[in-house]
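Following: one structure in structure tokens, then a few remarks.
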Amino acid sequence: MTRVHNFSAGPAVLPESVLLEVQKELVDWRGAGLSVMEMSHRSKEYQSIIDDAMDTLKRIIGCGDDFDVLFLGGGASLQFLMLPLNFCPADKVANYIDTGAWSTKALKEAAISGKQMHIAASSKDKEFTYIPKSYQLSENPAYLHITTNNTIRGTEYMKIPEVPADVPLVADMSSNFLSRPYDFSKFSLIYAGAQKNVGPAGVTIVLIRKDYQEKLLGNIPTMLNYKTHLDKGSMFNTPPTFPIYVVGKVLHWIEDFGGLKEMEKHNIEKASYLYDVFDNTSFYKGTVVPEDRSLMNIPFRLPTEELEAKFIAEAKANRMNNLKGHRSVGGCRASLYNSLPIESAKALNSFMKEFEKKNS
Ligand SMILES: *Cc1c(COP(=O)(O)O)cnc(C)c1O
């Protein structure tokens, strides 16, 4: 079996051990005589799978029962809309820090849904190459929304912004969820598409603090209403059963790895294989300010676009896949999510040094 070094930004690499477990259980889940794909979501077997995934997640983030966990369809993109619909009343203002691409999409949905919206800070002035270090809230803020890691631009919050006690902090954590030990107790709501760091595409994880649920608004279409899904334990309608099952396995893999502290160490080490290259040559240039460099998504440029195309093609020929930058920004990008083995980061480091020698 020859697996590639997969630097995809998402759907992304999964732990090989998880794939092998899924393979082993694929046709007959633990003697039940059927695949998880074929199970009723109302069966006690499936209930045990989803309960275990929720419990494992709560253990990993270390906030006990302060949060309820939802597994929803529609992607993180649907959360851009569900959040303001459910948590921004007409007399309040949805506040956003705009750090590019995904956060821009998030704040647009708040505006489209007819809510009052305010950009509390933005790094647009420098093409989103940094994380704003201060912000200015509107009057009557409903919440402050941040995007903890910017998948396309490659910036990441090292420190979570402080908010006044009466202002809920909410976050799109899609591309760095469970990659480092953030203080989860500071957040009122967190959402993350699974396909970056914790599973296959098709399920989005939403964590909502129990005390924040008291602020849920009413009169919202059924499927867009968090209360619908909270009341039914993510089983109001058929949930994405198979992706949830795989997420559960990835969560156990994270726990067995040693949890978030160990995961962070592993991610710092992997990212250093790239950032060390940037810091020791001018052939490869990182595109963001050093203090806000993401451990997950690392964009970079070569001296010319021709060299970038050659780099991406030769990397692919060497089994290093998905190094093309997002179509909106060009250049190159390596995504080094949790499940990417250290060997892949080392292989890319060697390849980059070789390529530079041959082409400079
Ligand atoms: C990928 C991504 C999204 C969009 O996720 P979908 O599940 O495709 O809707 C949103 N936010 C961030 C930060 C992302 O990286």
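Numbering of ligands and ligand atoms starts at 1, following listing order.
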Who gets closest to atom 10 (C) of ligand 1 by heavy atom: Thr204, Asn197, Asp172? Asp172
Residue pair Tyr143 / Pro84, side-chain heavy-atom distance below 4.5 Å: yes
Using a 4.0 Å cutoff against the non-hydrogen atoms of Phe80, which atoms of ligand 1 qualify? 10 (C)
Of Gln195, Met173, Lys196, Lys105, which has the heavy atom at the shortest distance from atom 7 (O) of ligand 1? Gln195
Assert yes or no for the condition that the ring centre distance of His145 to Tyr96 is strictly below 6.0 Å. yes
Around atom 5 (O) of ligand 1, find the nearest protein heavy atom and jot down its residue, atom name and distance. Ala76 CB, 3.5 Å
If you count the atoms of ligand 1 from 1 in the order shown, which ones are under 4.0 Å from a heavy atom of Thr147? 13 (C)
Answer with yes or no whether the side chains of Asn267 and Asn338 bring together a donor and an acceptor at under 3.5 Å. yes
Spatial distance of atom OH (Tyr130) from atom CD (Glu291) [nearest 0.5 Å]: 11.0 Å
How about Tyr226 and Tyr212: are their ring centroids closer than 6.0 Å? no
Of all protein heavy atoms, the one nearest atom 9 (O) of ligand 1 is Ser77 OG, 2.6 Å
Which atoms of ligand 1 are found less than 4.0 Å from any heavy atom of Thr151? 12 (C), 13 (C), 14 (C), 15 (O)
If the cut-off is 4.0 Å to any non-hydrogen atom of Gly75, which atoms of ligand 1 fall inside it? 7 (O), 9 (O)
Among side-chain atoms of Asp91 and Asn140, is any donor-acceptor pair under 3.5 angstrom? no
